[in-house]
Undergrad: 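Take this structure first; my questions come after.
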Amino acid sequence: MPLRPRSTPLTGRGRSGGMDLGTRALVLGVGSLALSWIPVLNIVAFLAALMAVGFGLLARWPTGWIADEEPNTRRALWGAVLGGVAMIVFVVTAVRYSAF
């Protein structure tokens with residue numbers, strides 16, 4: 001039986017699993033801050049922090065062309081801030097661990 005395309009496109013909620021960009025930014029920001037203290041995992045945390053800042057700024061963008069639903073801008077702001085703090089912690093720990 002051949003597969004046929006869907007007649008209705010997926011909405012933003014079905015595609016994203018229930019998380020808007022603000023919530024994704026917050027989850028990535030908290031995760032990156034938690035992992036940025038660990039010497040080898042801080043490289044992955046730095047990438048997650050970049051994504052948190054990017055998602056946070058995209059969610060706060062005023063045009064609304066990013067998603068079908070309204071993102072949580074307060075969570076987006078906190079995600080971007082935590083992502084920025086995680087990047088600073090990454091730089092400090094990278095310098096600290098490379099000195100020894």
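Numbers here simply count residues along the sequence, with the first being 1. The structure presented is a predicted model; accordingly, all values stated were derived computationally and were not measured.
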Undergrad: Which heavy atom of Ala80 sits nearest to which heavy atom of Gly56, and what is that distance?
TA: CB-CA, 4.3 Å
Undergrad: Distance check, rounded to the nearest 0.5 Å: Leu28 atom CG versus Met51 atom CE?
TA: 5.0 Å
Undergrad: To the nearest 0.5 Å, tell me how far Phe90 CZ sits from Leu47 CG.
TA: 8.5 Å
Undergrad: Check the hydrophobic clustering (I, L, V, M, F, W, Y; side-chain heavy atoms under 4.5 Å; chains of links allowed) and say if Val30 and Leu35 are grouped together.
TA: no
Undergrad: Under 3.5 Å, is there a donor-acceptor pair between the side chain of Asp20 and the main chain of Asn72?
TA: yes
Undergrad: Pick out which of Val53, Val92, Leu33 makes a side-chain contact (heavy atoms from CB on, under 4.5 Å) with Met87.
TA: Val53
Undergrad: How long is the gap from OG on Ser36 to CG on Leu82, to the nearest 0.5 Å?
TA: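 If we round to the nearest 0.5 Å, Ser36:OG and Leu82:CG are 10.0 Å apart.
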Undergrad: Just to verify, what does Asn42 make a side chain to side chain donor-acceptor pair (under 3.5 Å) with, not counting sequence neighbours?
TA: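 Result, side chain to side chain donor-acceptor pair (under 3.5 Å) vs Asn42: Thr93.
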Undergrad: Working to the nearest 0.5 angstrom, can you tell me the gap between Leu77 CG and Leu26 CG?
TA: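 Rounded to the nearest 0.5 Å, the CG-CG separation comes out at 10.5 Å.
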Undergrad: Please check if Val81 and Ile88 belong to a single hydrophobic cluster, counting links between Ile, Leu, Val, Met, Phe, Trp and Tyr side chain heavy atoms closer than 4.5 Å.
TA: no
Undergrad: Quick one: closest heavy-atom pair of Gly79 and Ala52, and the distance?
TA: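 Closest approach of Gly79 to Ala52: O-CB, 3.7 Å.
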Undergrad: Measuring from Leu21:CG to Leu57:CG, what's the distance to the nearest 0.5 Å?
TA: 11.0 Å
Undergrad: Which value, rounded to the nearest 0.5 Å, describes the distance between Phe46 atom CZ and Ser32 atom OG?
TA: 10.5 Å
Undergrad: Identify, with sequence neighbours excluded, every residue that meets side chain to side chain donor-acceptor pair (under 3.5 Å) alongside Arg60.
TA: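 Applying side chain to side chain donor-acceptor pair (under 3.5 Å) to Arg60 gives none.
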